[in-house]
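Below is one structure, written out as structure tokens; comments come after it.
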2 protein chains.
Amino acid sequence: MVTTLERSTYHHGDLRTVLLSAGVAMLEAGEPFSLRALARQARVSPAAPYRHFADRSALESALAVQGLQDLMRDLTQGRSEATSSADVADLAVRYVQFALRRPAMFRLMFGRECDHQDDERIRAATALHDYLAAVMADVFPDADAQALAMAGWSLAHGLACLHLDGKFASSDQSAVDERVRSTVAAVFPRNPTNRTPRTS
Amino acid sequence: MVTTLERSTYHHGDLRTVLLSAGVAMLEAGEPFSLRALARQARVSPAAPYRHFADRSALESALAVQGLQDLMRDLTQGRSEATSSADVADLAVRYVQFALRRPAMFRLMFGRECDHQDDERIRAATALHDYLAAVMADVFPDADAQALAMAGWSLAHGLACLHLDGKFASSDQSAVDERVRSTVAAVFPRNPTNRTPRTS
DNA sequence: TTGACAAGTAAGCAGTGCATACATCAATCT
DNA sequence: AGATTGATGTATGCACTGCTTACTTGTCAA
């Protein structure tokens, strides 16, 4: 007997969302992530999750969507409409902070080949890219916002990965922040014209 | 019976290097990588590799060292001493090409937390960073080479990861190259003074 | 020659993803 | 009301994984 079921009803109620939130918690805690462990935590048989997710990668994809939305929230919250050159560095700092604070989730989101058929996932990733491009268009109105968005995202992503990997000594939290900020400043030009927020 | 041993000698001869090169080949081929599969390919019992590697992660670390050295070779070869701003973009292109050409190896090298005790691995990574810093010092003699090296590496790494992940449509090889080049150009300043090669 | 040691093997553990067959419940349609 | 049916969970088992322990085999040096 693999699980002692103390549940009164046969049906779980809302297994899918329970699995997802348990999965998030499991990634947060850094525990080894597996379908069986998840089922165990939900007090459900090892095969039950397959009623809600085609396979392991589908579950991972769903978790990745959650992560992308969380990341998006981290990036957007607390930012007013006014944008300056320093805001770009702030975004990078938040991005790296997310990766270091939730390494397992970050790796799940980016460290494997993802399911490109998953509409929700594509939407979440696209939203992130679009937001970045909008910020860039605000800050650098005379430059190619798409190219800058790609550069900014790539730079932040690379910083996050390399820090996660320990390629750069990441002793202190604030030290990392400072390094990210100065790295971004090294390649991103100063805000040329401090415009008012765009009206559109 | 898990393996039919047609080997004449009991001892394999040079199992360690055979395992390593078989591992590289396996990553290249995109086959699922496992210790047992490796042992199978070397026509050796599943426990034999443990004579040469403490555990799976030690083997992976050794493979990652090979990958880092290969990457270093890709980056350094064909580059003359003369350095211009475009050379920086070239390095990024080569970096991304490496990742796209050998995705499994690239993920092995960077996609997991690595063993920071492995001296050889640290040395390989440091060599890469130092090389980059030297190039930056050549191309931008008036700037902070360390910061630029970090920015350059992060940018290239981020581009590689995001392309691998399919975050940017990577239809054509040359299209990817062009995009990488333009992205780097978007944030890296033009070469201020086209100096002669440094003499030191 | 022999004894120590390195380098293999055999067998088995716990854990994994996944497939199949079966049990149970809840809602729907006569 | 009562039968049917589909969704949801269970039981069981397969092939595979990393890893450990105990054993065997060959090599080399004293």
Side-chain angles (χ1 to χ4, degrees), chain A residues 1-23 26-27 29-64 104 107-108 111-115 118, chain B residues 1-23 26-27 29-64 104 107-108 111-115 118:
Chain A
M1 183 182 318
V2 93
T3 55
T4 3
L5 300 173
E6 296 150 5
R7 177 161 28 95
S8 59
T9 65
Y10 182 88
H11 286 295
H12 183 281
D14 196 2
L15 184 53
R16 190 191 148 94
T17 67
V18 167
L19 286 175
L20 281 182
S21 61
M26 195 168 268
L27 290 176
E31 299 165 23
F33 171 77
S34 77
L35 268 177
R36 292 179 106 101
L38 221 53
R40 227 172 291 139
Q41 195 150 45
R43 306 196 148 280
V44 122
S45 90
Y50 286 95
R51 290 290 149 190
H52 301 274
F53 301 97
D55 55 6
R56 181 195 165 122
S57 88
L59 206 174
E60 287 184 350
S61 208
L63 284 173
R107 287 218 153 87
L108 182 72
R112 17 170 112 352
E113 28 207 325
C114 70
D115 182 10
D118 188 335
Chain B
M1 182 184 320
V2 93
T3 55
T4 2
L5 300 173
E6 297 150 2
R7 177 160 30 93
S8 59
T9 65
Y10 182 89
H11 286 295
H12 183 281
D14 195 2
L15 184 53
R16 190 193 147 92
T17 66
V18 166
L19 286 175
L20 281 183
S21 60
M26 194 167 269
L27 289 177
E31 298 165 25
F33 170 77
S34 77
L35 268 177
R36 292 181 107 102
L38 221 53
R40 229 171 291 141
Q41 195 150 46
R43 307 195 146 280
V44 122
S45 87
Y50 286 94
R51 290 291 148 190
H52 301 275
F53 301 96
D55 55 6
R56 180 194 166 122
S57 87
L59 206 175
E60 287 184 350
S61 208
L63 285 173
R107 288 219 154 89
L108 182 72
R112 18 168 111 354
E113 31 208 322
C114 71
D115 182 9
D118 187 334

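Throughout, protein chains are lettered first and strands after them, A, B, ... in sequence-line order, and every chain is numbered starting at 1.
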Review point. Can you tell if the side chain of B:Leu59 reaches within under 4.5 Å of the side chain of B:Leu38, non-hydrogen atoms only?
Key: yes
Exercise for review: For B:Arg56 and for A:Arg16, find the nucleotide of DNA chain D with the closest heavy atom, then tell me which residue's nucleotide is more 5'.
Suggested key: A:Arg16
Revision key, fill the gap. When rounded to whole Å, the CG to C1' distance for the pair B:Leu19 and C:dA7 reads 12 Å
Check your understanding: Taking only residues two or more places apart in sequence or in another chain, which ones pass side chain to side chain donor-acceptor pair (under 3.5 Å) with B:Ser57?
Key -> B:Asp55
Point to revise | N/O donor-acceptor pair under 3.5 Å between B:Arg56 side chain and B:Ser34 backbone | key: no
Point to revise | B:Asp14 or A:Phe33, whichever maps to the more 5' nucleotide of DNA chain C | key: B:Asp14
**Study point:** A:Ser45 OG to A:Arg36 CZ distance, which is reported to the nearest 0.5 Å
**Key:** 9.5 Å
Point to revise | Under 4.0 angstrom between A:His52 side-chain N/O and D:dG9 OP1 or OP2 | key: yes
Check your understanding: Side chain of B:Leu15: nearest nucleotide among D:dG9, C:dG8, C:dT20?
Key -> C:dG8
Just the atom pairs and distances: protein N or O near nucleotides 13-15 of chain C's N or O, under 3.5 Å.
none

Check your understanding: Less than 4.5 Å apart, any side-chain heavy atom of A:Leu15 and any of A:His52?
Key -> yes
Exercise for review: In whole angstrom, give the distance that lies between atom CG of B:Leu35 and atom P of D:dG18.
Suggested key: 5 Å
Check your understanding: Just wondering, more than 12 heavy atoms not from A:Glu113 lying within 6.0 Å of its CD?
Key -> no
Check your understanding: Between C:dT9, C:dT16, D:dT10, which one does the side chain of B:Ala48 approach most closely?
Key -> C:dT9
Exercise for review: Starting at atom CG of B:Leu59, determine the distance to atom P of D:dT17, rounded to an integer number of angstrom.
Suggested key: 14 Å
Review point. Nearest heavy-atom pair of B:Ala62 and B:Phe53: which atoms, and what distance?
Key: CB-CE2, 3.9 Å
Check your understanding: Atom OH of A:Tyr50 to atom P of D:dT10: distance rounded to whole Å?
Key -> 15 Å
Review point. Does C:dG8 have OP1 or OP2 sitting under 4.0 Å from an N or O in the side chain of B:Arg51?
Key: no
Exercise for review: Return the value, rounded to whole Å, for the distance between atom CZ of A:Phe53 and atom P of C:dA19.
Suggested key: 16 Å
**Study point:** Length of the CZ-P vector between B:Arg43 and C:dT9, whole Å
**Key:** 12 Å
Exercise for review: Please report, rounded to the nearest Å, how far the P atom of C:dT16 is from the CD atom of A:Glu31.
Suggested key: 12 Å
